[in-house]
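Take a look at the structure below.
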Amino acid sequence: TKSVKDSTGYIKIGNSSRITGELLAIQKEYNYRDKISIQCAPKSTITGNVYVNGIASLKDMTINGSIYCQQINVKTGGSNHNNTLLDVMLSNAKRSEYYLGGNLFDEQETKKKGIINWLE
């Protein structure tokens with residue numbers, strides 16, 4: 001497993017952070033040995049969709065929305081657990097009915113469509 005000091009890109013969310021909106025980590029040229037990652041610290045909350053074409057490190061946090069990733073990784077003490085959620089609240093239903101997220105995929109259906117922001 002790579003650390004945040006290595007050359008691969010990453011997004012790191014700090015303790016007790018609150019994010020509303022789309023969180024995307026996309027690797028332009030995918031490398032299965034050197035994957036991009038999103039690392040979320042404990043007590044953080046994300047309201048919206050999370051997409052990473054690599055690894056999501058989630059532990060003791062809340063996602064009010066959806067997550068799309070290739071792999072979930074959790075470190076506990078000296079152990080590394082793949083494709084495991086530990087104390088993660090994941091609920092698409094708790095997202096606001098007024099939330100307007102982007103369509104990440106053509107086949108994805110959104111609950112509500114509308115204008116996010118007018119540009120003048």
Side-chain angles (χ1 to χ4, degrees):
T1 301
K2 297 283 185 181
S3 72
V4 294
K5 294 179 182 174
D6 291 326
S7 62
T8 302
Y10 65 93
I11 296 174
K12 187 171 184 176
I13 309 299
N15 283 345
S16 302
S17 295
R18 296 190 184 280
I19 296 174
T20 302
E22 307 290 308
L23 183 59
L24 296 119
I26 300 171
Q27 199 168 10
K28 187 175 181 179
E29 292 183 28
Y30 179 74
N31 182 341
Y32 72 93
R33 291 186 178 152
D34 211 13
K35 297 177 185 175
I36 194 167
S37 67
I38 291 177
Q39 301 164 3
C40 298
K43 309 296 181 204
S44 57
T45 301
I46 299 173
T47 300
N49 294 325
V50 177
Y51 175 80
V52 56
N53 69 341
I55 302 169
S57 296
L58 312 173
K59 181 181 174 184
D60 191 21
M61 64 164 304
T62 301
I63 298 176
N64 297 321
S66 302
I67 182 163
Y68 304 90
C69 64
Q70 289 185 340
Q71 180 180 350
I72 295 174
N73 188 9
V74 177
K75 291 182 182 179
T76 56
S79 299
N80 208 6
H81 305 279
N82 288 325
N83 299 323
T84 302
L85 294 174
L86 181 61
D87 296 327
V88 174
M89 172 67 80
L90 183 59
S91 175
N92 197 28
K94 288 190 177 184
R95 195 167 56 184
S96 169
E97 66 179 278
Y98 302 107
Y99 177 81
L100 296 175
N103 284 345
L104 297 175
F105 309 104
D106 290 337
E107 62 273 357
Q108 180 181 356
E109 297 268 339
T110 55
K111 233 171 48 168
K112 184 176 180 178
K113 294 187 180 195
I115 297 168
I116 295 174
N117 191 12
W118 283 104
L119 298 176
E120 294 184 22

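One-based numbering along the sequence shown. None of the values given here were measured: they were computed from a predicted structure.
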Would you check if Leu86 and Thr76 make a side-chain contact, meaning some heavy-atom pair closer than 4.5 Å?
yes
Hydrophobic clusters here meaning ILVMFWY residues chained together by side-chain heavy-atom distances under 4.5 Å, can you tell me if Leu85 and Met89 are in one?
no
NZ of Lys94 to OG1 of Thr45: how many Å apart, nearest 0.5 Å?
10.0 Å
Closest non-hydrogen atoms of Ala41 and Ser44, given as atom of the first, atom of the second and distance, are O-OG, 2.8 Å
Between Asp60 and Lys43, does any NZ, NE, NH1 or NH2 come within less than 4.0 Å of an OD or OE carboxylate oxygen?
yes
Given side chains that start at C-beta, do those of Met61 and Ile46 come closer than 4.5 Å, heavy atoms only?
yes
Considering only heavy atoms from C-beta outward, does the side chain of Asn15 approach that of Pro42 to under 4.5 Å?
yes
Could you measure the distance from the OG atom of Ser57 to the CD1 atom of Ile13? Nearest 0.5 Å is fine.
11.5 Å
Considering all heavy atoms, the nearest Ile36-Gln27 contact
N-OE1, 3.3 Å
Taking atom CD1 of Ile67 and atom CD1 of Ile72, what is their separation to the nearest 0.5 Å?
5.5 Å
Return the minimal non-hydrogen interatomic distance between Asn64 and Thr62, and the atom names on each side.
OD1-CG2, 3.5 Å
Nearest atoms (heavy-atom pairs only) where Val74 meets Thr84
CG2-O, 2.9 Å
To the nearest 0.5 Å, how far apart are CG in Asn53 and OH in Tyr68?
14.5 Å
Shortest non-hydrogen pair, Ala25 vs Ile38, comes out as CB-CG1, 3.7 Å
Provide the closest heavy-atom pair for Leu58 versus Cys40 in the form atom of the first, atom of the second, distance.
CD2-SG, 3.9 Å
Under the side chain to side chain donor-acceptor pair (under 3.5 Å) criterion, do Gln71 and Asn83 qualify, and how do the steps go?
CA-CA 6 Å; Gln71 180 180 350; Asn83 299 323; 5.4 Å; no
Taken to the nearest 0.5 Å, the spacing of Asn80 CG from Lys75 NZ works out to 6.0 Å
Spacing of Lys28 atom NZ and Ile26 atom CD1 [to the nearest 0.5 Å]:
12.0 Å
Side-chain contact test, heavy atoms from C-beta onward, threshold under 4.5 Å: evaluate it for Gln39 versus Ile11 and give yes or no.
no
